[in-house]
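Atoms considered below: every heavy atom in the structure, side chains included; atoms not considered: hydrogens, waters and symmetry mates. Residue numbers run from 1 in the order of the sequence given.
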Amino acid sequence: MIRKVGLSSDVLYAMGFGSIIMSVASWTLSKKMEAAGIDRADRWGIFVGEWAPAFFALGSAMRLEEQWGPAGEPGELSEMRERSRTAMPV
C-alpha cells in the first residue's frame, strides 16, 4: 500500500530523520514561545520524537520489499538453493 502511494524506503528514512529534527525544533519553539513551561515543551518534543522509530521501521520493511520483490526472494538466491540441494561432484 505504501508503494502504491509512491513512497520509497529512502523517503521513509528521510521522514525518520526529519522527525528527529522536528522533535528538537518543536521542543525549542515550545520552550521559548509558550508560557506553559518546560513540561509542555518536553511533551511536544517526545510526541514528535516518537514518530521516528515508526518511520525507520517502515523504511526497513520497504527496503526489504524493494530488494526481494513481492514474490519473496530474488532469482539469485533461488538458484543458489537449487545448487545446494544437488550432490556435489567429488
Salt bridge (charged side-chain N to carboxylate O under 4.0 Å, His left out) pairs touching residues 8-18, sequence neighbours excluded, are D10-R63

What one should report as the nearest heavy-atom pair of A52 and S19 is N-OG, 3.3 Å

In short, salt bridge (charged side-chain N to carboxylate O under 4.0 Å, His left out) pairs touching residues 51-60 with sequence neighbours left out are none

Sorted by chain and residue number, the side-chain contact (heavy atoms from CB on, under 4.5 Å) partners of M62 (sequence neighbours excluded) come out as I2, R3, S9, L12, E66

For I46, the hydrophobic cluster (side chain heavy atoms closer than 4.5 Å, chained through members) also holds none

Salt bridge (charged side-chain N to carboxylate O under 4.0 Å, His left out) pairs touching residues 50-62, sequence neighbours excluded, are none

For V11, the side-chain contact (heavy atoms from CB on, under 4.5 Å) test, sequence neighbours excluded, returns L7, S8, M15

Here the pair of heavy atoms bringing G45 nearest to S23 is O-OG, 2.6 Å

Grouping ILVMFWY residues whenever side-chain heavy atoms fall under 4.5 Å, the cluster of I20 otherwise contains Y13, F17, F56

